Every structure is written in C-alpha cells, then in structure tokens.
Trainee: 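Sending over a structure as structure tokens; questions will come in a sec.
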Amino acid sequence: MPGVHEVVHPLIKRHLTVLRCETTRPAEFRSSVRRLATLLAYEATKDLATTVAQVQTPVAMAQGYELPDRIGLVPILRAGLGMVDPVLDLIPSAEVWHLGLYRDEATAQPVRYYDKLPPGQPVDTALVLDPMLATGGSAVAALQTLYDWGVGRAKVLSLIASQEGVDAVASQFPQAQVFVCKVDAELNDQKFIVPGLGDAGDRSFNTIVR
Ligand SMILES: O=P(O)(O)OC[C@H]1O[C@H](OP(=O)(O)OP(=O)(O)O)[C@H](O)[C@@H]1O
Ligand SMILES: O=c1cc[nH]c(=O)[nH]1
Ligand SMILES: [Mg+2]
C-alpha cells in the first residue's frame with residue numbers, strides 16, 4: 001500500500017533509543033542501525049512476490065518458495081551504507097546500486113555525486129536505504145532517479161523521518177512507500193530532525209569534527 005508506514009514494535013523503540021542517545025559511540029551506533037534496518041526490512045518486504053518451488057528435504061519433498069523479482073538495494077551514500085549488509089542478509093540475491101547524494105550545508109539541497117545505474121535494465125523493486133529523511137530532498141532525488149531508470153516499485157526505508165520530509169515525498173511520489181521507525185515532529189533552522197539523532201553519517205563513521 002503506498003504511503004507512510006511507521007513500524008511500531010518494542011525492539012524498534014529500544015534500539016532507536018540507543019541510536020538517539022548522544023553518548024552512543026560509533027560501533028554501537030552502527031550495530032543499532034543494523035538491527036533497526038533488519039526489523040524495518042522485514043516489514044517493508046512483506047508483499048514481495050513469491051513463486052512455488054519444490055524442495056527435497058532429507059525426509060521428503062516439501063513446498064518451497066523463490067523470490068522471482070529483481071530486487072535492488074539503493075543505499076544513499078554515506079549513511080545508507082550501514083543498512084546494506086543487514087538487508088542483504090535477508091535478501092542475498094538482491095543487487096546493490098549505490099547513489100551518491102549529500103546535502104549542501106548552506107541550502108540543505110541534495111547534491112548528486114555518484115550514480116552508475118545501467119540504462120534500460122531497471123530492477124523490479126528498489127529499496128532505498130537511508131537512515132535519515134529530513135526535508136525529504138535526498139529521498140525525492142533518489143526516487144526521481146529510480147523512476148527515471150524505470151523501476152516498477154520503490155520503497156524508502158528510513159530509521160527517523162520528519163513530518164515535513166514524509167509529506168514532501170508523499171506529495172511528489174504518492175505511488176512510493178515509505179517505511180520508518182519513527183516520524184519526528186519537526187526540523188530545526190539547520191534542517192536537522194528534532195529530536196532526531198544528529199548527523200547519521202558522522203555518527204556512523206566517526207567523522208564528527210570536534
Ligand atoms: O532529507 P534530507 O534533508 O535530504 O536529509 C537527509 C539526508 O542527509 C543525510 O545525508 P548527508 O548529506 O549528511 O550525507 P552523509 O550521509 O554523507 O553524511 C542523510 O543520510 C540523508 O541522505
Ligand atoms: O537530522 C538530520 C538531517 C539530515 N541528516 C542527518 O544525518 N540528520
Ligand atoms: Mg551526514
């Protein structure tokens with residue numbers, strides 16, 4: 001179903017608390033990103049197509065399943081990288097198509113710097129991975145790129161979003177699905193999510209300049 005899906009679960013609430021906490025160090029921050037990405041991906045992939053494929057167990061034949069669609073994971077550099085491995089663990093056959101986008105610090109507009117999508121060979125379902133959805137500018141830019149590529153379905157998986165950001169994505173791409181652990185109420189003057197967790201890329205990769 002298109003629209004915004006906030007996934008409510010006690011484990012998500014707990015791991016999100018660790019992620020938000022300002023004293024959480026990068027290694028634990030990355031672990032929390034992985035755990036939350038797994039829980040979010042479980043929800044976001046509930047409607048993937050399956051085809052029946054018989055499997056021989058050591059005892060008898062059993063009904064098994066395959067995932068017939070081409071599924072693409074689309075991490076937005078840098079912070080989205082931390083969500084790739086946990087989702088690949090769940091979908092080992094997925095393709096990974098990186099998109100390089102950063103927010104201009106002065107304007108908060110997304111700047112594109114990496115995109116190697118092969119023309120004419122779109123995946124069936126794209127899962128955009130980025131822990132933060134603030135103004136929504138980066139998610140909108142990623143979705144525009146993916147729909148231009150020709151993907152059939154796109155889902156954005158973000159750990160924390162702002163209300164403004166999910167509204168922006170929904171108004172530009174009502175056909176897209178957005179899965180989040182929590183929608184926070186607002187953005188501050190620097191367009192950071194409040195209360196949010198700060199800069200996800202810097203906290204993941206220990207690049208906070210002190
Ligand atoms: O919704 P938006 O307003 O576009 O903001 C969200 C974007 O900002 C962050 O990336 P950032 O620019 O900090 O790049 P980084 O991952 O390299 O740190 C975040 O990971 C998103 O990509
Ligand atoms: O709050 C925010 C906004 C953009 N990017 C982040 O990492 N955090
Ligand atoms: Mg960042």
Side-chain angles (χ1 to χ4, degrees), residues 4-6 15-26 28-30 32-34 36-37 40-41 72-87 96-117 126-147 154-173 176-210:
V4 180
H5 305 261
E6 193 177 62
H15 294 305
L16 203 50
T17 303
V18 175
L19 203 65
R20 287 187 192 275
C21 180
E22 67 173 353
T23 59
T24 297
R25 303 292 304 144
E28 196 182 0
F29 188 91
R30 291 192 298 271
S32 298
V33 167
R34 287 195 290 272
L36 289 163
L40 208 49
L73 311 186
V74 184
I76 300 183
L77 307 177
R78 294 172 299 161
L81 287 174
M83 298 173 71
V84 173
D85 281 355
V87 184
V96 183
W97 296 102
H98 300 81
L99 285 184
L101 293 170
Y102 71 87
R103 277 201 331 177
D104 180 291
E105 280 185 13
T107 64
Q109 293 301 306
V111 180
R112 296 166 192 268
Y113 64 92
Y114 185 85
D115 170 355
K116 293 279 183 190
L117 302 178
L127 305 180
V128 177
L129 307 177
D130 194 332
M132 307 304 279
L133 197 162
T135 65
S138 301
V140 164
L143 287 169
Q144 186 65 63
T145 299
L146 292 170
Y147 287 127
K155 299 166 184 253
V156 178
L157 279 64
S158 288
L159 306 186
I160 301 181
S162 76
Q163 188 60 54
E164 182 180 322
V166 293
D167 290 347
V169 173
S171 76
Q172 296 232 32
F173 296 109
Q177 289 180 301
V178 180
F179 288 84
V180 298
C181 297
K182 188 78 179 80
V183 178
D184 282 357
E186 53 190 19
L187 297 172
N188 66 15
D189 291 346
Q190 285 78 46
K191 303 293 184 191
F192 270 72
I193 300 173
V194 181
L197 53 70
D199 188 306
D202 284 339
R203 295 196 64 186
S204 292
F205 298 115
N206 201 13
T207 53
I208 298 173
V209 180
R210 296 183 174 86

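If you're wondering where the values come from, they're calculated on a predicted model, not measured in any experiment. In listed order, ligands and their atoms are each counted from 1. Residue numbers count from 1 along this sequence.
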Trainee: So for Pro131, does at least one of its heavy atoms come nearer than 4.0 angstrom to any atom of ligand 2?
Mentor: no

Trainee: Please identify which atoms of ligand 2 are closer than 4.0 Å to at least one heavy atom of Ala200.
Mentor: 6 (C), 7 (O)

Trainee: Which part of Leu133 is near ligand 1, with near meaning a heavy atom under 4.0 Å away: side chain, backbone, both or neither?
Mentor: backbone

Trainee: If I take every N, O or S atom of Asp199, is at least one of them less than 2.8 Å from the Mg ion (ligand 3)?
Mentor: yes

Trainee: Answer whether the closest heavy-atom distance between the side chains of Asp199 and Met132 falls below 4.5 Å.
Mentor: no

Trainee: May I ask you to check if ligand 1 and Tyr113 share an N or O to N or O distance below 3.5 Å?
Mentor: no

Trainee: What atoms in ligand 2 come closer than 4.0 Å to a heavy atom of Ala134?
Mentor: 3 (C), 4 (C)

Trainee: Please list the nearest protein heavy atom to atom 6 (C) of ligand 1 with its residue and the distance rounded to 0.1 Å.
Mentor: Met132 O, 3.6 Å

Trainee: Look at atom 16 (O) of ligand 1 and find which of Gly201, Ser204, Ala79 reaches it with the closest heavy atom.
Mentor: Ala79

Trainee: For Ile193, is at least one N or O under 3.5 Å away from an N or O on ligand 2?
Mentor: yes

Trainee: Can you spot which of Leu133, Leu157, Val156 makes a side-chain contact (heavy atoms from CB on, under 4.5 Å) with Val128?
Mentor: Val156

Trainee: Are a donor atom and an acceptor atom from the side chains of Arg103 and Thr135 found within less than 3.5 Å of each other?
Mentor: no

Trainee: Parallel, tilted or perpendicular: which describes the rings of Phe179 and His5, with under 30° parallel and over 60° perpendicular?
Mentor: parallel

Trainee: Applying side-chain contact (heavy atoms from CB on, under 4.5 Å) between Ser32 and each of Leu197, Leu16, Val18, report the one that passes.
Mentor: Val18

Trainee: Taking atom 11 (P) of ligand 1 as the point of reference, which of Arg103, Glu105, Arg78, Gln109 owns the nearest heavy atom?
Mentor: Arg103

Trainee: Is Leu187 close to Ile193 at the side-chain level, that is, under 4.5 Å between some pair of heavy atoms?
Mentor: yes

Trainee: Using a distance threshold of 4.0 Å (strictly less than), state whether atom 19 (C) of ligand 1 has a protein heavy-atom neighbour.
Mentor: yes

Trainee: With rounding to the nearest 0.5 angstrom, report the CG to CG distance, Leu73 to Leu81.
Mentor: 11.5 Å

Trainee: Going by the atom numbers of ligand 1, which of them fall below 4.0 Å from some non-hydrogen atom of Ser138?
Mentor: 2 (P), 4 (O), 7 (C), 22 (O)

Trainee: Can you give me the closest heavy-atom contact between Asn188 and Gln190, atom names plus distance?
Mentor: OD1-N, 2.9 Å

Trainee: Taking the non-hydrogen atoms of Arg203, is any one of them nearer than 4.0 angstrom to ligand 2?
Mentor: no

Trainee: May I ask you to identify the nearest protein heavy atom to atom 13 (O) of ligand 1, giving residue, atom name and distance to one decimal place in Å?
Mentor: Asp199 OD2, 3.7 Å

Trainee: Using a 3.5 Å cut-off on N or O atoms only, is Asp130 in polar contact with ligand 1?
Mentor: yes

Trainee: For atom 3 (O) of ligand 1, grab the closest protein heavy atom and report residue, atom and distance to one decimal in Å.
Mentor: Thr135 OG1, 2.6 Å

Trainee: Starting from atom 5 (N) of ligand 2, what is the nearest protein heavy atom, named by residue and atom, and what distance separates them?
Mentor: Met132 CB, 4.1 Å

Trainee: Side-chain donor-acceptor pairs under 3.5 Å in residues 158-168, sequence neighbours left out?
Mentor:
from   : atom 1 : to     : atom 2 : distance (Å)
Ser158 : OG     : Asp130 : O      : 2.8
Ser162 : OG     : Ala134 : O      : 2.5
Ser162 : OG     : Glu164 : N      : 3.4
Ser162 : OG     : Gly165 : N      : 2.8
Gln163 : NE2    : Asp167 : OD1    : 2.9

Trainee: If you have a sec, work out which protein heavy atom is nearest atom 2 (C) of ligand 2 and how many Å separate them, to one decimal?
Mentor: Phe192 CD2, 3.4 Å

Trainee: Only heavy atoms of Gly136, strictly under 4.0 Å: list the atoms of ligand 1 that pass.
Mentor: 1 (O), 2 (P), 3 (O)

Trainee: Return the CE to CG distance between Met83 and Leu36, rounded to the nearest 0.5 Å.
Mentor: 8.5 Å

Trainee: First locate atom CG of Asp115, then atom CG of Leu101, and finally report the distance between them rounded to the nearest 0.5 Å.
Mentor: 8.5 Å

Trainee: Considering the heavy atoms of Gly198, write down every atom of ligand 2 situated less than 4.0 Å from one of them.
Mentor: 1 (O), 2 (C), 6 (C), 7 (O), 8 (N)

Trainee: Nearest 0.5 Å please: distance from the OG atom of Ser204 over to the CG atom of Leu19.
Mentor: 7.5 Å

